[in-house]
There are 2 protein chains.
Amino acid sequence: MTIEAFERTLELAVLLREEMERRLAADGLTPARAQVLRELGGRGPLQQRELAATLEVSARNITGLVDGLAATGFVTREPHPDDRRATLVTLTARGTAAVRAMADGRAEAAAALFAGLAPQRLAAYTADLDVLLGNLRKA
Amino acid sequence: MTIEAFERTLELAVLLREEMERRLAADGLTPARAQVLRELGGRGPLQQRELAATLEVSARNITGLVDGLAATGFVTREPHPDDRRATLVTLTARGTAAVRAMADGRAEAAAALFAGLAPQRLAAYTADLDVLLGNLRKA
DNA sequence: TATTGTTATACTCTATAACTATA
DNA sequence: TATAGTTATAGAGTATAACAATA
């Protein structure tokens, strides 16, 4: 019964997304803006051009996301030292704290999600996901 | 390593959502509009009020979704026989065909997703998801 | 008075196209 | 000429609040 498993997988995806959005909203963030912060947290200051390429999104869209993050104090636009056309999107102290809080929240959510699943089952589940991810990437 | 399993689960959720959206877009539908069609397909004509309650979304939002579906020929607004305030959102022939196509597409996507997973693994995976769903609903 | 659905307004995410400043 | 980012414009999903028609 692949349909049964499929429906359940979709439901998990929906609930998980809602849960993550709730957590972000509590920090004053949206999913798209949070993704920008995560990139900056992992790679340091980035040009908008680089953010657009990484998130696979239009340059216009990045302008809006950075506008929002700047207005709420998570990032600043700094001049690029070598290219006066470019800006370097840079985390503020608040932005850095948010990145850390998101990572902590993720670990906490992970522990809560898999609570009560025996280590063997967890390992089997992870291996199964690899198969599914492989199938999805082929399609 | 719950984090590992968690990240993989999130990635599956994202890829699955993208895949489903691609399929819907090919039929000229968006996820929110498709959800309206699915409800109508399963339950017959519904008042907008009922759709709002089912999708857990504002009445204003339903107005917009039904506007879009009506403009693209998937549904019509029929007068409610007993209540002149209400409208009955009703599938057209095109809407009915889209519901059927979506169900077929879902079965096909399910088969493709779980290809290569032995029946025992599939059953174990489904059981594991039950645990995860239970944990999520508690939170 | 309460309910159904609309108009008014607003915010977020997304896109393409035209434009400015700089390379 | 090409690139970085903006303004202009548009569509989709979401929300609250005010309002008209009807119960």
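Computation of the quantities below employed the complete heavy-atom set of this structure, encompassing side-chain atoms and omitting hydrogens, waters and symmetry-equivalent molecules. Small disclaimer: the values here were computed from a predicted structure and weren't measured. Here is how names work: the chains are called A, B, and so on, in the same order as the sequence lines, proteins then strands, and each is numbered from 1.
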- Determine, using the 4.5 Å side-chain heavy-atom cutoff (strictly less than), whether Phe6(A) and Val131(B) are members of one ILVMFWY cluster. yes
- Message: Can you measure Arg77(B) atom CZ to dT4(C) atom P for me and round it to whole angstrom units?
- Response: 15 Å
- Task: Using side chain to side chain donor-acceptor pair (under 3.5 Å) as the criterion, list what pairs up with Glu39(A), not counting sequence neighbours.
- Result: Arg43(A)
- Message: Quick check on the hydrophobic clustering: are Leu113(A) and Met102(A) connected, directly or via other members, by side-chain heavy-atom contacts under 4.5 Å?
- Response: no
- Message: Measure CZ/Arg17(A) against C1'/dG13(D) and give the value in whole Å, please.
- Response: 11 Å
- Task: Would you kindly give the CD-to-C1' distance between Glu78(A) and dA4(D), to the nearest whole Å?
- Result: 17 Å
- Message: Could you tell me if the side chain of Leu88(A) sits less than 4.5 Å from the side chain of Gln47(A), heavy atoms only?
- Response: yes
- Task: Send over the distance from Leu65(A) CG to dG5(D) P, rounded to a whole Å.
- Result: 14 Å
- Task: Taking the side chain as every heavy atom from C-beta outward, state whether Phe74(A) and Leu29(A) have any atom pair closer than 4.5 Å.
- Result: yes
- Query: Should Val36(B) and Arg33(B) count as side-chain neighbours, where that means a heavy-atom distance under 4.5 Å?
  - Reply: no
- Item | Any Thr30(A) side-chain N or O less than 4.0 Å from OP1/OP2 of dT12(C) | no
- Note on the structure: Those residues at least two apart in sequence (or on a different chain) that pass salt bridge (charged side-chain N to carboxylate O under 4.0 Å, His left out) with Arg23(B) are Glu19(B), Glu108(B)
- Item | Carboxylate-amine/guanidinium contact Arg77(B) Asp67(B), below 4.0 Å | yes
- Do the side chains of Val89(A) and Leu46(A) get nearer than 4.5 Å, heavy atoms only? no
- Item | Sorted by number, the residues of residues 33-64 of chain A with heavy-atom contact under 4.0 Å to DNA chain C | Arg33(A), Val57(A), Ser58(A), Arg60(A), Asn61(A)
- Query: How would you list, by chain and number, every residue that makes a ring-ring contact (aromatic ring centres under 6.0 Å, His included) with Phe114(B), sequence neighbours excluded?
  - Reply: Tyr125(B)
- Global bending angle along the helix from dT1(C)-dA23(D) to dA23(C)-dT1(D), which compares the axes of five pairs at either end, to 10 degrees: 30°
- Interatomic distance, Leu88(A) CG vs dG5(D) C1' [rounded to whole Å]: 13 Å
Output a table of nitrogen or oxygen pairs between the protein and nucleotides 20-23 of chain C separated by less than 3.5 Å.
residue : atom : partner  : partner atom : Å
dA23(C) : OP1  : Arg84(A) : N            : 2.7
dA23(C) : OP2  : Arg84(A) : NE           : 3.4
dA23(C) : OP2  : Arg84(A) : NH2          : 3.4

- Could you give the CG-to-C1' distance, from Leu29(A) to dC11(C), as a whole number of Å? 15 Å
- Query: Given Arg106(A) and Met20(A), is the side-chain contact (heavy atoms from CB on, under 4.5 Å) satisfied, shown in steps?
  - Reply: CA-CA 8 Å; Arg106(A) 215 167 246 249; Met20(A) 298 308 281; 4.2 Å; yes
